[in-house]
Number of protein chains: 2
Amino acid sequence: MSILNKLSFKDQAFKLRETAILDATTAILASKGFDLMTMDDVAQEVGISKPSLYKHFKSKEDLVGAAMIRLIDEALDYLESMPASLSPIQQLKDLLAWALRIRLKGGMPFLPSTSPHVREMLTRNLKYVMRVLKLNGKIEEIIKKAKKQGELSAALSDDVILFAYYARTCDPAVEYLQLYSKLDHDAIIAAMLEVCFCGLKNQA
Amino acid sequence: MSILNKLSFKDQAFKLRETAILDATTAILASKGFDLMTMDDVAQEVGISKPSLYKHFKSKEDLVGAAMIRLIDEALDYLESMPASLSPIQQLKDLLAWALRIRLKGGMPFLPSTSPHVREMLTRNLKYVMRVLKLNGKIEEIIKKAKKQGELSAALSDDVILFAYYARTCDPAVEYLQLYSKLDHDAIIAAMLEVCFCGLKNQA
DNA sequence: GTCTATAAATTGATAGAC
DNA sequence: GTCTATCAATTTATAGAC
């Protein structure tokens, strides 16, 4: 067993712990939000001490940025894995359903729009901004295709569609339906998709 | 000039300051959110000292509760002032447009759903809960009427419609459109109403 | 690299003078 | 009732031992 292998094992353990830290961060962010999440919370959830946590991430901002980047990357992977045969609007529906399912299981929304503070912080994170722009680009492309095929409303600009679509991933109606209705996860997702694409009005 | 009049003047001044405090609280809540709003912020914005602020409101929770209650009361007043001739769906549209206009001018959404912490805090405020239930009742009534007239989607339960409707008052798409699009307030409100009632899909 | 202990700063809330 | 001054608790971040 060489020194190289030893280092490799160490690296693997380090990577595993990093994953555990990001998992814990994601869960706590989803439940308490950024402002109320403390580094003590994260360290305790992972089962390490706070200084160890700071060996992995140099600040709270850095940690949250890393968690958000991982989420965006998962969304990009999900988009990549979609069968090319799906219609553009079905791609949008599937991606939203995927995001809502993650949220219902205790994950985060992609759009951390809840507070200007968090948004401003993430805007300073260059790596995060790059990933978001990449995701934006992919989604805009799908929106343009869907519009060309007459599947999306021509009355709405691409901007409006993009932001309204993103906003559905963090729609508080999901939490309220979880708390105050008898709907299960699948029914909540179906209702949210219906509301997002068909609206509240009767279209008959 | 009797003592009674003197007291009355004092009371008036007290009331005026209370209004100023609630105005400041509303503006700060809208911009920073609950967790980041400090009592120092509020006191400084009003131009009084922190202990004076605590003479009016015994805690941060109490202060924020009062600001939320005032907002709900304004919504109830707005509903009350609507011409009875308006169709139910037009009433819903007008109320949402009113709420969005307040937000665009720096006010709060009615639905403080951003964090479970804030929601839990407000749930412990009996006076606030009573007002929200009253507002819920009024809106549910309008929804039922609109459904009976075939104006709202029959595919959606009243719960889903109610929560999806409320969620639009705090939709982050509004902030993103303000930041990244060239739309003015009226255009943003029109777009949000279109998205809410007609959805993203082409209905042709 | 991980821990115990602690520094430094912020903030909700109050005591006590006027 | 309003202010200055301050307490007590929390929290981000780090120093230094092992």
Side-chain angles (χ1 to χ4, degrees), chain A residues 3-22 24-25 28-29 31-68 115 117-118 120-122 124-125, chain B residues 3-22 24-25 28-29 31-68 115 117-118 120-122 124-125:
Chain A
I3 287 179
L4 281 173
N5 275 341
K6 237 180 176 173
L7 285 174
S8 174
F9 277 129
K10 223 171 176 180
D11 282 355
Q12 276 187 0
F14 196 83
K15 197 78 189 169
L16 275 177
R17 183 147 36 202
E18 198 149 294
T19 301
I21 292 172
L22 289 178
T25 303
I28 297 170
L29 275 179
S31 66
K32 312 174 78 166
F34 176 79
D35 299 325
L36 257 61
M37 182 190 92
T38 72
M39 296 300 265
D40 287 284
D41 287 338
V42 178
Q44 188 172 16
E45 176 81 13
V46 179
I48 60 175
S49 73
K50 203 159 43 161
S52 300
L53 178 54
Y54 275 94
K55 292 287 178 191
H56 286 82
F57 299 96
K58 71 174 195 296
S59 68
K60 187 179 172 183
E61 294 198 5
D62 191 44
L63 171 59
V64 171
M68 288 302 305
S115 93
H117 173 227
V118 176
E120 186 259 347
M121 178 194 84
L122 287 169
R124 278 183 279 116
N125 185 327
Chain B
I3 287 178
L4 281 172
N5 276 340
K6 239 181 174 170
L7 285 174
S8 173
F9 278 127
K10 221 171 175 178
D11 282 355
Q12 277 186 359
F14 196 84
K15 198 76 187 170
L16 275 177
R17 181 146 38 202
E18 198 150 293
T19 301
I21 292 172
L22 289 179
T25 303
I28 297 170
L29 276 179
S31 66
K32 312 175 78 166
F34 177 79
D35 298 327
L36 257 61
M37 181 190 93
T38 72
M39 295 301 266
D40 288 283
D41 287 337
V42 178
Q44 188 172 16
E45 175 81 14
V46 179
I48 59 174
S49 72
K50 202 158 46 160
S52 299
L53 177 54
Y54 274 94
K55 292 286 179 189
H56 286 82
F57 298 96
K58 71 173 195 297
S59 68
K60 188 180 174 184
E61 294 199 4
D62 191 44
L63 171 58
V64 171
M68 290 300 305
S115 93
H117 173 225
V118 176
E120 186 259 347
M121 179 193 83
L122 287 169
R124 277 184 279 114
N125 186 329

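As the structure is a computational prediction, the values presented were derived from the model and not from experiment. So that the names make sense, note that chain A is the first sequence line, chain B the second, and so on, each numbered from 1.
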Student: Distance check needed: C:dT10 P versus A:D40 CG, whole Å only.
Tutor: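 Going from CG in A:D40 over to P in C:dT10 covers 18 Å.
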Student: Measure from CZ on A:F57 to P on C:dG1 and round the result to the nearest Å.
Tutor: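 The distance from CZ of A:F57 to P of C:dG1 comes to 14 Å, rounded to the nearest Å.
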Student: How long is the line joining CG of A:D62 and P of D:dT12, in whole Å?
Tutor: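 Rounding to the nearest Å, CG of A:D62 and P of D:dT12 are 14 Å apart.
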Student: In whole angstroms, how far is the P atom of C:dG1 from the CD atom of A:E18?
Tutor: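 After rounding, the reported distance stands at 11 Å.
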Student: Kindly give the heavy-atom pair with the smallest separation between A:S49 and A:A43, and that separation in Å.
Tutor: C-CB, 3.9 Å
Student: To the nearest Å, how far apart are B:K60 NZ and C:dG12 P?
Tutor: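 Rounded to the whole Å, the gap is 5 Å.
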Student: Starting from C1' on D:dT12, measure out to CG on B:L36 and report it in whole angstrom.
Tutor: 14 Å
Student: Quick one: does B:V46's side chain get under 4.5 Å of B:L53's, heavy atoms only?
Tutor: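 When only atoms from C-beta onward are counted, B:L53 and B:V46 do not touch, as no gap falls below 4.5 Å.
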Student: Hey, does the side chain of A:T25 reach the backbone of A:I21 with a donor-acceptor pair shorter than 3.5 angstrom?
Tutor: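 Flag set: sc A:T25 to bb A:I21 pair under 3.5 Å.
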Student: Just N and O in the side chain of A:K55: are any of them under 4.0 Å from OP1 or OP2 of C:dG1?
Tutor: no
Student: Nearest whole Å is fine: how far is C:dT10 P from B:D35 CG?
Tutor: 18 Å
Student: Can you find a pair of side-chain heavy atoms, one from B:D41 and one from B:K32, that are under 4.5 Å apart?
Tutor: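 Side chain of B:D41 against side chain of B:K32, heavy atoms only: contact under 4.5 Å found.
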Student: Heavy atom of residues 41-53 of chain B under 4.0 Å from DNA chain C: which residues?
Tutor: B:K50, B:P51
Student: Cation-pi check for B:F34 against B:K60: NZ or CZ below 6.0 Å from the six-membered ring centre and within 45 degrees of the axis, yes or no?
Tutor: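 That pair qualifies as a cation-pi contact.
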Student: Round to the nearest Å and state the distance from B:H117 atom NE2 to D:dT10 atom P.
Tutor: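 B:H117 atom NE2 is separated from D:dT10 atom P by 13 Å.
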Student: Would you kindly say whether A:D62 and A:S59 are connected by a side-chain donor-acceptor distance under 3.5 Å?
Tutor: no
